[in-house]
Amino acid sequence: ENPGRLYLVISLSGHEEDAELVLRSACERIRWIPDGKSKLIVIDRGMDEETRKICEMACLDLPEIYLCRPDEVDKII
């Protein structure tokens with residue numbers, strides 16, 4: 001039986017002062033889900049350069065994060 005996969009989606013645009021905190025908090029939430037397969041999708045809806053870099057660094061540290069543009073979401077799910 002394939003129960004599917006659960007995705008938590010966060011959409012960011014412009015400058016997000018607390019981007020790292022938002023991502024780490026979201027990752028902690030999905031780690032509490034017992035399936036062990038849940039992922040975090042972060043959608044770049046026009047992030048500024050600093051916010052994008054923070055998200056890219058978080059992706060390197062946290063393998064459960066996917067960073068994409070809106071038109072790329074269907075390639076992930």
Side-chain angles (χ1 to χ4, degrees):
E1 181 179 330
N2 181 357
R5 177 170 276 171
L6 178 67
Y7 294 93
L8 176 59
V9 179
I10 295 177
S11 176
L12 298 175
S13 62
H15 181 73
E16 176 59 55
E17 190 66 36
D18 297 323
E20 183 176 7
L21 177 62
V22 168
L23 298 179
R24 291 191 181 279
S25 295
C27 284
E28 284 302 314
R29 286 187 193 123
I30 63 173
R31 287 182 185 142
W32 281 91
I33 299 169
D35 71 357
K37 299 177 186 176
S38 301
K39 299 292 181 184
L40 172 62
I41 299 175
V42 180
I43 302 175
D44 180 349
R45 298 179 76 63
M47 296 178 201
D48 68 359
E49 187 176 333
E50 181 183 355
T51 302
R52 176 80 189 197
K53 284 212 178 285
I54 290 168
C55 291
E56 289 170 350
M57 288 188 297
C59 287
L60 294 174
D61 290 342
L62 305 164
E64 60 268 42
I65 298 178
Y66 292 104
L67 176 61
C68 65
R69 293 185 311 270
D71 62 327
E72 298 172 321
V73 173
D74 64 334
K75 296 174 186 168
I76 297 170
I77 57 174

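Bear in mind that the values here come from a model prediction, so they are computed numbers and not experimental data. Atoms considered below: every heavy atom in the structure, side chains included; atoms not considered: hydrogens, waters and symmetry mates.
In terms of modelled atom types and a separation under 3.5 Å, the side chain of S38 and the main chain of I30 share no donor-acceptor contact. Using a distance-only test at 3.5 Å, with no hydrogens or angles considered, a donor-acceptor pair links the side chain of R5 to the main chain of K37.
Using a cut-off of 4.0 Å between Lys/Arg side-chain N and Asp/Glu carboxylate O, R69 and E72 are scored as salt-bridged. The pair R24-E28 does not meet the salt-bridge criterion, since no charged nitrogen lies less than 4.0 angstrom from a carboxylate oxygen.
Heavy-atom minimum distance, D44 versus G46: OD1-N, 2.8 Å. Closest non-hydrogen pair, T51 versus E16, comes out as OG1-N, 3.0 Å.
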Listed pairs under 3.5 Å, donor-acceptor, residues 6-14 side chains, sequence neighbours left out:
{"from": "Y7", "atom 1": "OH", "to": "I76", "atom 2": "O", "distance (Å)": "3.4"}
{"from": "S11", "atom 1": "OG", "to": "R45", "atom 2": "NE", "distance (Å)": "3.4"}

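Residues L23 and I33 share a hydrophobic cluster, clusters being chains of Ile/Leu/Val/Met/Phe/Trp/Tyr side chains in contact below 4.5 Å. No path of Ile, Leu, Val, Met, Phe, Trp and Tyr side chains, each step under 4.5 Å between heavy atoms, connects I54 with Y66, placing them in separate hydrophobic clusters.
Note that CD of E56 and CD1 of I65 are 12.0 Å apart. Values are rounded to the nearest 0.5 Å.
Two residues are said to be in side-chain contact when any heavy atoms from C-beta on lie closer than 4.5 Å; R52 and L67 meet this criterion. Using a 4.5 Å cut-off on side-chain heavy atoms (C-beta onward), E50 and H15 make contact. You'll find the side chain of C68 stays beyond 4.5 Å of the side chain of K75, heavy atoms only.
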- Show your working on side-chain contact (heavy atoms from CB on, under 4.5 Å) between R31 and E64 and close with a plain yes or no. CA-CA 9 Å; R31 287 182 185 142; E64 60 268 42; 2.6 Å; yes
